Peer 1: 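Dumping the structure here so I can ask a few things about it.
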Amino acid sequence: MLLFNDYKKIIYEKIRKIYSINENDMEISNNYGDFTLKIFKINDKPEIIYKNIKNALNEDFIDKIELNNNYINFFIKSSSMVKTVNDSIDTFGKYPNTFQDTSKALIEHTSSNPTGPIHVGRIRNSIIGDSVFRIIDRYGYRSCTQYFVNDSGKQVISLYLGHMKYHKDEDLTVENLLEGYQKIYKEKEENPEINKEIELLGEQYERGDDELIQNIQKTASVILDSIKKSLKKLDIEISTYVWESNFILYGDVNKVLNELSDYLKEDGKAKYIEIGDKKIFLTRDNGTSLYFTRDIAYHLFKAENFDWIIDILGEDHKDHAKHLDYVLNNYLDFNAKVNYLFYGFVSLESGKMSTRKGRIVTLDDLYDKTVDESIKIIKEKRPEYDEEKIKEISNGIALSSIRYNIVKVNANKPLTFKWSEALNFEGDSAPYIMYSYARASSILNKSGDYNEISDNYNDHEKKLIKAMYVYPYYLESSANYLRPDIIANYLLNLVKAFNEFYLNCPILGDPEMKKRITLLKIYKKIMEDSSNLIGIKLLNSI
RNA sequence: GGGCUCAUGGCCUAGUAUGGAUAAGGCACCGUCCUUCUAAGUCGGUGAUCGUGGGUCCAAAUCCCACUGAGCCCGCCA
């Protein structure tokens with residue numbers, strides 16, 4: 001829960017005492033004052049409503065109230081808004097302050113099969129997931145992230161078998177493993193016997209063959225470590241890793257099967273559950289478990305320790321999640337709140353991404369190219385910077401750009417990855433945001449420290465002040481709707497307001513310097529806070 | 001075939017949850033501003049019957065129906 005001086009709420013509560021309105025009738029306004037109330041539905045003449053509302057509100061933070069057709073617009077004193085933000089930062093070190101929620105949230109993201117490098121399609125999962133985590137955490141939940149490592153399906157067994165067949169006596173390297181993995185899928189097409197082998201290994205695995213389990217985990221770990229390394233480049237570190245096989249070995253999967261036994265039907269020896277007109281299989285003919293069953297066990301496990309579970313999933317998992325949710329809530333003792341956040345697929349300009357056809361852009365590729373492009377531009381624009389500084393800035397720009405370009409688009413929209421856009425550092429981009437922060441820092445470096453709030457701000461200052469004051473509303477809706485893109489959008493508008501201020505309001509040596517320095521300090525603080533939510537790395541100079 | 005999702009200037013995106021005041025940004029294109037704090041910036045201009053057709057409503061990009069196009073799912077894979 002957010003704690004701040006919420007003028008919108010104060011006004012709303014007062015009006016509600018005289019008119020029946022709901023929260024949606026009042027919103028933040030962009031062109032007509034600070035907050036606006038729609039009065040279409042109020043059964044009274046606008047002039048009368050206006051008069052009554054004006055009389056009911058004699059708050060000293062209100063600058064003026066205007067009637068405009070079927071809207072009443074409220075103007076808040078800029079000095080009150082600055083004071084609200086400034087006091088909060090002075091007292092709590094942040095704006096808004098939060099009330100720590102006692103419930104615990106778990107965000108599961110990425111969880112991609114450890115059978116290959118992470119590519120720009122998968123990265124949408126990690127970037128959205130990590131941002132949601134940061135937002136929920138900032139909002140006041142005790143949060144952590146988790147990666148569900150698949151070490152018990154056919155894919156990982158194939159990875160292991162590929163290595164045993166083709167690179168047995170060689171080092172366990174990512175390259176060797178990938179080569180073996182691709183080879184085995186190719187051979188499968190000509191030689192169906194391979195599937196038998198995989199099936200047998202699967203049975204052996206589920207019986208709890210220690211040596212086999214350790215070997216498979218060892219191969220999976222090699223790939224997993226490389227995934228971790230790639231994610232770290234984007235400042236993404238996942239709190240905990242949970243191995244799928246644990247749910248088989250420690251009996252959780254069997255427990256699930258027992259608890260569901262009343263609802264299970266059999267097809268040969270395989271067991272399934274009917275949901276609607278669909279048969280959802282939980283075990284195979286040979287008795288081994290399926291992903292669906294293990295995921296049920298996993299969710300029961302999550303619910304033991306967390307009150308709020310958030311799964312970040314590709315849209316191809318929609319049906320899986322629907323069925324999972326149905327079983328959890330109808331057939332099992334399950335009390336946690338679960339949100340499934342789906343994201344649309346990322347395609348390339350050349351078409352669908354495909355690992356087998358080699359048509360992917362890996363995160364490492366993307367990162368390296370973005371760093372290179374950035375270095376090129378820095379050398380051109382800032383010839384005075386030394387190598388170390390160039391390195392710091394280009395890494396910051398690469399990580400911020402990649403994250404920003406992905407996170408700014410609403411998750412449920414499909415996304416086409418384009419190099420021209422990924423490497424564009426102008427306009428609606430991460431460097432645009434970083435640049436404005438660097439400008440603010442640069443001035444502060446050259447100035448003294450002042451804390452002055454005025455009763456008189458010009459339009460440019462007012463616009464910036466409002467953009468800063470309004471931060472909690474966006475933080476709140478991004479948390480409520482699990483939408484990091486709302487923060488990306490907010491940030492862009494905040495920066496626009498700052499750029500306008502920067503260009504029109506001289507600071508150093510100006511008679512109005514002190515109050516403007518104060519705005520600058522607040523701006524930096526809110527920038528740091530909000531940028532961090534979506535992983536943009538701000539630097540004092542770029 | 002059934003189900004889910006998406007469709008907004010040449011291109012990309014916001015706005016759709018909660019219907020309401022001139023549909024907002026960016027890229028590209030044309031023009032403006034560096035003897036003031038970082039021009040990766042600023043300001044102005046060109047460009048949209050919000051996929052199509054119906055419906056509901058005082059009011060529809062937003063809600064409902066149908067259609068078209070794209071993506072995803074419909075496995076004893078994950």
Side-chain angles (χ1 to χ4, degrees), chain A residues 22-25 27 29-32 36 38-41 68-71 73 111-113 115 148 150 152-156 199 244 267-272 276-292 294-295 314-320 322 342 344-345 347 352 374 377-378 380-382 397 405 408-410 412-416 418 420-421 424-436 438-447 477 480-481 483 485-486 488-489 492-493 495-496 499-500 502-510 513 516 520 541-542:
Chain A
N22 63 51
E23 276 185 73
N24 302 325
D25 294 329
E27 55 195 27
S29 168
N30 291 318
N31 306 317
Y32 307 90
T36 190
K38 293 177 260 184
I39 55 171
F40 295 90
K41 289 172 202 153
N68 195 338
N69 296 319
N70 281 298
Y71 297 87
N73 299 316
S111 295
S112 49
N113 284 346
T115 49
F148 191 38
N150 167 21
S152 53
K154 280 185 182 172
Q155 278 84 347
V156 204
E199 199 177 305
E244 233 181 85
D267 182 351
K269 282 182 185 163
K271 290 180 180 153
Y272 67 90
D277 54 359
K278 292 224 163 70
K279 290 180 181 177
I280 311 293
F281 280 86
L282 283 92
T283 62
R284 298 191 180 90
D285 207 27
N286 67 4
T288 53
S289 67
L290 287 151
Y291 167 63
F292 187 70
R294 303 192 289 263
D295 208 21
E315 61 180 350
D316 54 334
H317 279 60
K318 276 184 178 174
D319 279 352
H320 169 80
K322 203 168 89 187
F342 300 105
F345 273 50
S347 55
K352 216 174 125 181
S374 176
I377 294 172
I378 298 166
E380 191 185 300
K381 290 182 190 278
R382 316 268 189 265
I397 286 181
N405 279 324
K408 72 178 180 181
V409 180
N410 193 326
N412 69 352
K413 300 250 181 180
L415 194 65
T416 304
K418 291 183 183 139
S420 61
E421 280 171 23
N424 175 31
F425 299 151
E426 284 169 14
D428 183 6
S429 68
Y432 177 83
I433 292 164
M434 298 166 74
Y435 184 63
S436 95
R439 281 171 146 184
S441 299
S442 175
I443 296 176
L444 281 173
N445 280 340
K446 295 173 187 161
S447 78
S477 69
N480 285 343
Y481 299 107
R483 283 192 42 193
D485 58 300
I486 288 177
N489 233 283
L492 186 70
N493 284 317
V495 168
K496 275 184 198 300
N499 282 343
E500 192 188 311
Y502 177 88
L503 200 89
N504 293 291
C505 306
I507 298 171
L508 296 175
D510 193 90
M513 172 171 76
R516 289 179 178 160
L520 229 45
S541 58
I542 75 164

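Predicted model, so just to flag it, every value in this text is computed and none were measured. Lettering of chains follows the sequences in order, A, B, ..., and the numbering in each one begins at 1.
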Peer 1: According to the Watson-Crick and G-U wobble definitions, with both distances under 3.5 Å, which nucleotide is paired to rA23(B)?
Peer 2: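 rA23(B) is unpaired by these criteria.
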
Peer 1: Base of rA40(B), side chain of R382(A) - is there a donor-acceptor contact under 3.5 Å?
Peer 2: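 Counting by modelled atom types and ignoring angles, a donor-acceptor contact under 3.5 Å is found here.
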
Peer 1: Between rA21(B) and rU62(B), how far is it from one P atom to the other, in whole Å?
Peer 2: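 Their P atoms lie roughly 13 Å apart.
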
Peer 1: Classify the ring geometry of Y291(A) against H320(A): parallel below 30°, tilted from 30° to 60°, perpendicular beyond 60°.
Peer 2: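 Ring orientation of Y291(A) relative to H320(A): parallel.
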
Peer 1: Return whichever of T36(A) or N412(A) has its heavy-atom-nearest nucleotide of RNA chain B closer to the 5' end.
Peer 2: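 It is N412(A) whose nearest nucleotide is closer to the 5' end.
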
Peer 1: Return yes if some donor-acceptor pair links the side-chain N/O of R284(A) with the main-chain N/O of L290(A) below 3.5 Å, else return no.
Peer 2: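 Between the backbone of L290(A) and the side chain of R284(A) there is no qualifying donor-acceptor contact (under 3.5 Å).
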
Peer 1: For rG41(B) versus rU68(B), give the span between their C1' atoms, rounded off to a whole number of Å.
Peer 2: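 Per the computed distance, 44 Å lies between those C1' atoms.
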
Peer 1: Is rU49(B) paired to anything, Watson-Crick or G-U wobble with both distances less than 3.5 Å, and if yes, which nucleotide?
Peer 2: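 Partner of rU49(B): none.
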
Peer 1: Nearest whole angstrom, please: distance from the P of rU42(B) to the CG of N499(A).
Peer 2: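 The distance from CG of N499(A) to P of rU42(B) comes to 5 Å, rounded to the nearest Å.
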
Peer 1: Would you mind telling me which of rA14(B), rU38(B), rA78(B) lies closest to the side-chain atoms of L290(A)?
Peer 2: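 The nucleotide sitting nearest to the side chain is rA78(B).
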
Peer 1: Please evaluate the base of rU22(B) for a donor-acceptor partner in the side chain of Y32(A) within a cut-off of under 3.5 Å?
Peer 2: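 Such a pair exists between side chain and base.
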
Peer 1: For the side chain of K418(A), starting at C-beta, report the closest nucleotide among rA40(B), rA14(B), rC12(B).
Peer 2: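 The answer is rC12(B).
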
Peer 1: Under 4.0 Å, heavy atoms only, any strand: does K446(A) hit a base, just the sugar-phosphate, or nothing?
Peer 2: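 Sugar-phosphate: the residue K446(A), judged by heavy atoms under 4.0 Å, touches backbone atoms but no base.
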
Peer 1: Check this for me: does the side-chain of N73(A) come within 3.5 Å of the base of rA21(B) through a donor and an acceptor?
Peer 2: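 Indeed there is one.
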
Peer 1: Could you measure between the two P atoms, the one in rG10(B) and the one in rC50(B), and give it in whole Å?
Peer 2: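 After rounding to an integer number of Å, I get 13 Å for this pair.
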
Peer 1: Are any of K381(A)'s side-chain N or O atoms less than 4.0 Å away from OP1 or OP2 of rA40(B)?
Peer 2: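 For K381(A), the contact criterion (side-chain N or O under 4.0 Å from OP1 or OP2 of rA40(B)) is met.
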
Peer 1: Could you tell me whether K496(A) contacts a base, only the sugar-phosphate backbone, or nothing, with contacts defined as non-hydrogen atoms closer than 4.0 Å?
Peer 2: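 It contacts sugar-phosphate atoms only.
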
Peer 1: Roughly how many Å apart are rC12(B) and rG55(B), using the C1' atom of each and rounding to a whole number?
Peer 2: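 Roughly 32 Å separates the two C1' atoms.
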
Peer 1: Once hydrogens and angles are ignored, does a donor-acceptor distance under 3.5 Å link the base of rU18(B) to the side chain of Y481(A)?
Peer 2: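 It does, because a donor-acceptor pair links the side chain of Y481(A) to the base of rU18(B) below 3.5 Å.
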
Peer 1: Base, sugar-phosphate or nothing for D428(A)? Non-hydrogen atoms, less than 4.0 Å.
Peer 2: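 Contact class for D428(A): sugar-phosphate only.
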
Peer 1: So, do Y435(A) and V495(A) sit near enough that their side-chain heavy atoms are less than 4.5 Å apart?
Peer 2: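 When only atoms from C-beta onward are counted, V495(A) and Y435(A) do not touch, as no gap falls below 4.5 Å.
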
Peer 1: Counting side-chain heavy atoms from C-beta on, which of rA78(B), rA39(B), rC4(B) comes nearest to R439(A)?
Peer 2: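 The listed nucleotide nearest to R439(A)'s side chain is rA39(B).
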
Peer 1: Can a side chain N or O of Y432(A) be found less than 4.0 Å away from OP1 or OP2 on rU42(B)?
Peer 2: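 Looking at the OP1 and OP2 atoms of rU42(B), one of them is under 4.0 Å from a side-chain N or O of Y432(A).
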
Peer 1: Compare the minimum distances between each of rA21(B), rC76(B), rC73(B) and the side chain of R284(A), then state the nucleotide with the smallest one.
Peer 2: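 Of the candidates, rC76(B) comes closest.
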
Peer 1: Regarding D510(A), tell me which of base, sugar-phosphate or nothing describes its non-hydrogen contacts under 4.0 Å with the strands shown.
Peer 2: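 No contact at all - D510(A) keeps every heavy atom at 4.0 Å or more from the nucleic acid.
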
Peer 1: Give K271(A) one of three labels, base, sugar-phosphate or nothing, depending on what nucleic acid heavy atoms sit under 4.0 Å from its own.
Peer 2: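 No contact.
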
Peer 1: With both distances kept under 3.5 Å, what pairs with rU16(B), Watson-Crick or G-U wobble?
Peer 2: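 Base partner found: none.
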
Peer 1: Would you mind telling me which of rA14(B), rC37(B), rA78(B) lies closest to the side-chain atoms of E244(A)?
Peer 2: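 The nucleotide sitting nearest to the side chain is rA78(B).
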
Peer 1: Now, which nucleotide makes the Watson-Crick or G-U wobble pair with rA78(B), with each of the two distances under 3.5 Å?
Peer 2: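 Across any shown strand, rA78(B) pairs with none.
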
Peer 1: Between Y435(A) and rA40(B), is there a side-chain N or O to OP1/OP2 distance below 4.0 Å?
Peer 2: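 For rA40(B), OP1 or OP2 has a side-chain N or O of Y435(A) closer than 4.0 Å.
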
Peer 1: Can you tell me, in whole Å, how much space there is between the C1' of rG31(B) and that of rG47(B)?
Peer 2: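 Approximately 16 Å lies between the C1' atom of rG31(B) and that of rG47(B).
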
Peer 1: Taking the side chain of E426(A) as heavy atoms from C-beta outward, which of rC12(B), rA40(B), rA78(B) is closest to it?
Peer 2: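 Nearest to the side chain of E426(A) among the choices is rA40(B).
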
Peer 1: Does Y502(A) reach a base, just sugar-phosphate, or nothing at all? Heavy atoms under 4.0 Å.
Peer 2: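 Touches a base.
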
Peer 1: How would you label the contact of R516(A) with the nucleic acid (heavy atoms, under 4.0 Å): base, sugar-phosphate, or nothing?
Peer 2: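 Counting heavy atoms under 4.0 Å across all strands, no contact is made by R516(A).
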
Peer 1: From the options rU38(B), rC72(B), rC74(B), select the nucleotide whose nearest atom is closest to the side chain of K278(A).
Peer 2: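 Closest nucleotide to the K278(A) side chain: rC74(B).
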
Peer 1: Rounded to whole angstrom, note down the C1' distance from rC29(B) over to rU46(B).
Peer 2: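 Roughly 8 Å separates the two C1' atoms.
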
Peer 1: Is a side-chain donor or acceptor of K279(A) paired with a backbone partner of D267(A) at a separation under 3.5 angstrom?
Peer 2: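 Judged by distance alone, no pair lies under 3.5 Å.
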
Peer 1: Could you please name the option among rC76(B), rC6(B), rU18(B) that lies closest to any side-chain atom of N24(A)?
Peer 2: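 For the N24(A) side chain, the nearest candidate turns out to be rU18(B).
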
Peer 1: Name the nucleic acid region contacted by P414(A), choosing base, sugar-phosphate or nothing; use a 4.0 angstrom heavy-atom cut-off, strictly under.
Peer 2: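 Sugar-phosphate: the residue P414(A), judged by heavy atoms under 4.0 Å, touches backbone atoms but no base.
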
Peer 1: May I ask which nucleotide in the shown strands pairs with rA7(B), Watson-Crick or G-U wobble, both distances under 3.5 Å?
Peer 2: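 rU68(B) - that is the nucleotide pairing with rA7(B), both distances being under 3.5 Å.
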
Peer 1: Can a donor-acceptor pair be found, under 3.5 Å and without considering hydrogens, that links the side chain of N499(A) to the backbone of K496(A)?
Peer 2: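 Not confirmed, N499(A) side chain does not pair with K496(A) backbone.
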
Peer 1: Using the closest heavy atom to pick a nucleotide of RNA chain B for each, name whichever of A438(A) or N410(A) lands nearer the 5' end.
Peer 2: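 Closest to the 5' end, via its nearest nucleotide, is N410(A).
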
